[in-house]
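Letters go in sequence order (proteins before strands), and every chain restarts at 1. Hydrogens, waters and symmetry mates play no part in the numbers below; they use all other heavy atoms, side chains included.
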Number of protein chains: 2
Amino acid sequence: MTMKEKTRKQYEARAKIAKAMAHPSRLLMLDLLQKQEMCVGDLTDQVGADQSTVSKHLAILKEVGLVDVRKEGALSYYRVTCGCLDGFFSCMETVLLSDLKGRQNSLK
Amino acid sequence: MTMKEKTRKQYEARAKIAKAMAHPSRLLMLDLLQKQEMCVGDLTDQVGADQSTVSKHLAILKEVGLVDVRKEGALSYYRVTCGCLDGFFSCMETVLLSDLKGRQNSLK
DNA sequence: TGGTTGTATGGCAATTTCGCCATTTGATGT
DNA sequence: ACATCAAATGGCGAAATTGCCATACAACCA
């Protein structure tokens, strides 16, 4: 494996994580699950989509390691695994705000 | 606009940013542009894709405000606008590492 | 003015994502 | 065993993404 090859794989791995977050419902779910663990039914209510849809979203988040499951009887309790999501979200806010400012300036 | 409506829009706005980052080439470009501004031709060499492809990737990054352009003659110099991308990337690394650990533990 | 270089855009086929319905699987209780 | 509830999976059409080719556009130079 060449060096270039290696870094390419690294960016692909990162992109997988970004892709897992690249959906409004999944961002909402991450936000909720960061505050407290929840089962699929509760999340389904909050998101307002079909249960199967929510279940698939959770599978995507789990696949990249952003969330983890704990099964208790028939219920599956999901939770966020990493503590660095706040940094993620606040960076997004920064981008959104600075972008807004930039657009305002371009109107002057 | 209802309250729910408003937060839904917020998550859509965030998802747009995450989506803009959800591609290996664009992550590489952000990495490069964070170190120094570059023109499209240089980026095209680094990424190893068609010039039109790179140009479209840049348009996506610019659309969400992650990069900005400075035109100098026939050249377009792009650069990263926000200083918080390192947090983004390090969080991704954290997720990748903890996910790796989790998978190792599950083999024990 | 015509030619060259750097960048952006139109178009299009291939691939991926999305969300619902229907169904299956698993655990629990009767 | 059977019914029930929670969750996961198969499938499929609709929508979005991706990347290249061809082309247009813009600045520069001869």
Between CD of A:Glu72 and P of C:dA27 the distance, given in whole Å, is 14 Å

**Prompt:** Same cluster or not: are A:Val69 and A:Leu32 linked, directly or through other Ile, Leu, Val, Met, Phe, Trp or Tyr residues, by side-chain heavy atoms under 4.5 angstrom apart?
**Reply:** yes

Separation of D:dG19 atom P from B:Ile60 atom CD1, nearest Å, is 9 Å

Taking every heavy atom of A:Gln46 against every heavy atom of A:Leu28, the minimum-distance pair comes out as O-CD2, 4.1 Å

All heavy atoms of A:Gln34 vs all of A:Val80, minimum pair found to be N-CG2, 3.7 Å

Working for side chain to side chain contact (heavy atoms under 4.5 Å, CB included), residues A:His23 and B:Lys19 = CA-CA 8 Å; A:His23 190 288; B:Lys19 211 179 284 192; over 6 Å; no

Between CD of A:Glu63 and P of D:dA8 the distance, given in whole Å, is 14 Å

In short, A:Ala15 meets B:Leu27 closest at the heavy-atom pair N-CD1, 3.4 Å

Write down the protein N/O and nucleotide N/O pairs, taken from nucleotides 1-3 of chain D, whose separation is under 3.5 Å; answer none if there are no such pairs.
none

| field | Base C:dC21 paired with A:Ser52 side chain (donor-acceptor, <3.5 Å) | value | yes

Closest non-hydrogen atoms of B:Ala49 and B:Thr44, given as atom of the first, atom of the second and distance, are O-CG2, 3.3 Å

Of D:dA7, C:dA8, D:dC21, the nucleotide closest to the side chain of B:Asp50 is D:dC21

When rounded to whole Å, the CG to P distance for the pair B:Leu58 and C:dG6 reads 16 Å

Within residues 73-82 of chain A, the residues having a heavy atom closer than 4.0 Å to DNA chain D are A:Ala74, A:Leu75, A:Ser76, A:Tyr78

Separation between NZ (B:Lys16) and CD (B:Glu63), nearest 0.5 Å, reads 5.5 Å

Residues in residues 31-49 of chain A with a heavy atom under 4.0 Å of DNA chain D, by number, are A:Cys39, A:Val40, A:Gly41

With sequence neighbours left out, the residues meeting side-chain contact (heavy atoms from CB on, under 4.5 Å) with A:Ala18 are B:Met21, B:Ala22, B:Met92

Cluster membership besides A:Tyr77, Ile/Leu/Val/Met/Phe/Trp/Tyr side chains within less than 4.5 angstrom, sorted by chain and number, is A:Leu75

Point to revise | Under-3.5 Å donor-acceptor pair between A:Gln51 side chain and D:dA6 base | key: no

Separation between OG (A:Ser90) and CG (A:Leu85), nearest 0.5 Å, reads 10.5 Å

- Within the pair A:His57 and C:dC18, is there a side-chain N or O less than 4.0 Å away from OP1 or OP2? no

Residue-phosphate contact under 4.0 Å: B:Thr53 side-chain N/O, D:dG19 OP1/OP2: no

So CG of B:Asp86 and CD of B:Glu93: to nearest 0.5 Å the spacing works out to 11.5 Å

Distances under 3.5 Å between nitrogen or oxygen atoms of protein and nucleotides 11-17 of chain D:
{"residue": "D:dG11", "atom": "O6", "partner": "A:Lys56", "partner atom": "NZ", "Å": "2.3"}

- [ ] Evaluate side chain to side chain contact (heavy atoms under 4.5 Å, CB included) for B:Asp31 paired with A:Tyr11, printing each intermediate quantity in order.
- [x] CA-CA 10 Å; B:Asp31 228 353; A:Tyr11 284 112; 2.4 Å; yes

Handout entry: Minimum side-chain heavy-atom gap A:Leu30-A:Phe89 below 4.5 Å
Key = yes

(message) Less than 4.0 angstrom from a charged side-chain N to a carboxylate O is my criterion; do B:Glu12 and B:Arg8 meet it?
(response) yes

B:Lys62 NZ to C:dT7 P, in whole Å, measures 15 Å

From NZ of B:Lys71 across to C1' of C:dT7 the rounded distance in Å is 7 Å

Taken to the nearest whole Å, CE/B:Met29 to C1'/C:dT7 is 13 Å

